[in-house]
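What you see below is based on every heavy atom in this structure, not just the backbone, and it leaves out hydrogens, waters and symmetry mates.
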Amino acid sequence: MLTFVLVSAAGESGGGQPVHRNHNLRIIFAVTLMAVMGAAVITPALPEVSEELGLSAGRVGLLLTVFTLPGVALTPVLGILSDRLGRKRVLVPSLFLFGIAGGACALAPGIEALLILRFLQGCGAAALGTINVTMIGDIFSGNDRDTAMGYNSSILSLGTGSYPAIGGALAILGWHYPFALPLVAVPVGLLVLFFLHNPEPEGGESLKQYFRDIRDSLKDRRTAGLLGATLVTFVILYGPQITYLPILLDGSFGASPLLVGLILSSASFTTALTSLQLGRIARIVDGMTLVRIAFVLYAVALSAIPLMPALPYLLIPTVIFGVAQGINLPNIFSLLAGSTSSESRGALLALNGMGLRLGQTIGPLVMGASAAALGITGAYYAAAGLAATMFLVALVIIRQPA
């Protein structure tokens, strides 16, 4: 325990130990893999669920909606509770609820029970994607925090890239089987309970002072700008990239589902490789400059996609997009984690998580409205304009602290 306290205070990973060898970080990686499992692993099974239960495409889509919806409201509440009660007291029950409710979906007799269990699973998932990065902010500081956030983002990208294949393989056995995979969260919860040693916030200040500190953080234009950058990032990720790129590839190039998957995977794996290098990059370039670089790269990639003359050339802008994502997400998490004390870090990162989920929700809607007005090519230029606008905001309004 003494070693761990020194790690926390100095920002070192055990007296010069490499960050990736910190056993607490490895446990956090397991939590991260749970955080991205709930949607990605069941998506390949949705056609089988629709067929077996006699559901329309719109109704089967509710299995994703009822899972993500609780997070919009619960994420900030659970972030506050993690500041006041402690990270593990919120994280461990969340993992158990996520795993047990998710695993029970495999035994659901019909769509009504399945929707209820997915809602409960979503309640468990609400804290996972924010408390994991909050704990990284608690344990590490300085360049070690940048490095750890980069590693965590890489793990997240590998999970999102791998889970659809795992879910598809399990769905061959039957639609129930992908729903059973979240049971893995139960042993992960036990791992966190007994083996994760993280510095917990003291929570000594009054509730009034606590909320005053949060309000002051949000009044800081740098913090507000970073929260806005997360929202914009997920609007352009879930709008142009995830939702509409497959439509563009099919309509313009007649791409097969396999080729679409390979092109999308190229972005995910580029993100993973770039995130691994964030610690090294952050030693050379400051955090706010990295935010600006990322949005320039987003704008370049999105404006280039409609100009590609043949399918193989699309790998160029998708790889550029993956590099931007690999720089941007872990860097923003690290900047936000370092901008506040441990006593209010959970709430701030939870607000960031709420913006993330909001971006996931409205991204396809914004892209769809742009495509209806401008055509799908024009919508990509509009998305590039949004990224360029965020670059200008980062350049003019959001400043690196002195």
Side-chain angles (χ1 to χ4, degrees), residues 3-4 7-8 11-14 17-41 82 87-88 90-92 94-96 98-99 102 124-141 143-167 181-200 268-280 282 325-334 336-337 345-346 349 352-353 356:
T3 301
F4 185 78
V7 168
S8 175
E12 294 291 339
S13 184
Q17 182 189 42
V19 170
H20 69 273
R21 296 187 63 183
N22 184 292
H23 83 279
N24 297 296
L25 183 60
R26 293 178 179 180
I27 295 173
I28 293 172
F29 289 164
V31 176
T32 297
L33 288 173
M34 297 304 100
V36 296
M37 178 186 286
V41 79
S82 78
R87 314 295 187 217
K88 289 170 70 170
V90 176
L91 181 58
V92 172
S94 295
L95 284 165
F96 287 163
F98 175 83
L128 305 186
T130 54
I131 292 185
N132 61 342
V133 293
T134 301
M135 291 191 300
I136 291 174
D138 293 339
I139 295 169
F140 299 97
S141 64
N143 189 255
D144 281 348
R145 184 177 58 234
D146 294 330
T147 301
M149 289 290 189
Y151 289 161
N152 189 68
S153 181
S154 182
I155 292 292
L156 186 149
S157 295
L158 291 174
T160 55
S162 302
Y163 280 142
I166 296 171
L181 195 60
L183 283 169
V184 177
V186 174
V188 172
L190 294 173
L191 198 65
V192 170
L193 180 61
F194 294 111
F195 297 102
L196 179 66
H197 305 295
N198 62 299
E200 293 283 12
S268 294
F269 289 114
T270 302
T271 297
L273 290 173
T274 305
S275 296
L276 284 174
Q277 304 303 317
L278 181 66
R280 295 178 180 177
Q325 196 78 342
I327 292 172
N328 200 35
L329 283 185
N331 179 54
I332 288 177
F333 287 145
S334 185
L336 286 171
R345 184 174 290 131
L349 287 171
N352 190 59
L356 181 156

Validation row: Leu95, Val186 side chains within 4.5 angstrom (heavy atoms):
no
Do Arg145 and Ser334 meet the criterion of a side-chain donor-acceptor pair at a distance under 3.5 Å?
yes
Got Phe333 and Ile136 here, is their nearest side-chain heavy-atom distance under 4.5 Å?
no
Between Leu196 and Arg87, is there a side-chain heavy-atom distance shorter than 4.5 Å?
no
Are Asn132 and Asn152 close enough that some pair of their side-chain heavy atoms sits under 4.5 Å apart?
yes
Say you draw a straight line from CG of Leu91 to CZ of Phe98; how long is it, rounded to the nearest 0.5 Å?
12.0 Å
Spatial distance of atom OG1 (Thr270) from atom CD (Gln325) [nearest 0.5 Å]:
11.5 Å
Go through it in stages, so that I can follow the logic: the residues are Phe96 and Leu190, the test is side-chain contact (heavy atoms from CB on, under 4.5 Å), and I'd like the CA-CA distance, side-chain angles, deciding distance and then a yes or no.
CA-CA 9 Å; Phe96 287 163; Leu190 294 173; 3.8 Å; yes
Output for pair (Asn331 CG, Ser275 OG), nearest 0.5 Å, gives 10.5 Å
Are the side chains of Leu158 and Phe269 in touch, meaning some heavy atoms are under 4.5 Å apart?
yes
Backbone N/O of Leu278 and side chain of Asp146: donor-acceptor pair under 3.5 Å
no
When you measure from the side chain of Thr147 to the backbone of Asn143, do you find a donor-acceptor pair of N or O atoms at a distance under 3.5 Å?
yes
Do Val192 and Ile27 come close enough that some side-chain heavy atom pair is under 4.5 Å?
yes
Nearest-0.5 Å distance, CG of residue Leu329 to OG of residue Ser153
5.5 Å
So, do Ile28 and Ile139 sit near enough that their side-chain heavy atoms are less than 4.5 Å apart?
yes
Main-chain N/O of Gly326 paired to Gln277 side chain as donor or acceptor, under 3.5 Å
no
Tell me yes or no: between the side chains of Ser157 and Thr271, is some donor less than 3.5 Å from an acceptor?
no
Between CG on residue Asn24 and CZ on residue Phe140, distance to nearest 0.5 Å:
7.5 Å
Tyr163 side chain to Leu33 backbone, donor-acceptor under 3.5 Å:
yes
Is a donor on one side and an acceptor on the other found under 3.5 Å between the side chain of Arg345 and the backbone of Ala337?
yes
Nearest heavy atoms of Ser154 and Ala272, plus distance in Å:
OG-O, 3.0 Å
If you measure from CG on Leu156 to CE on Met149, what distance do you get to the nearest 0.5 Å?
12.0 Å
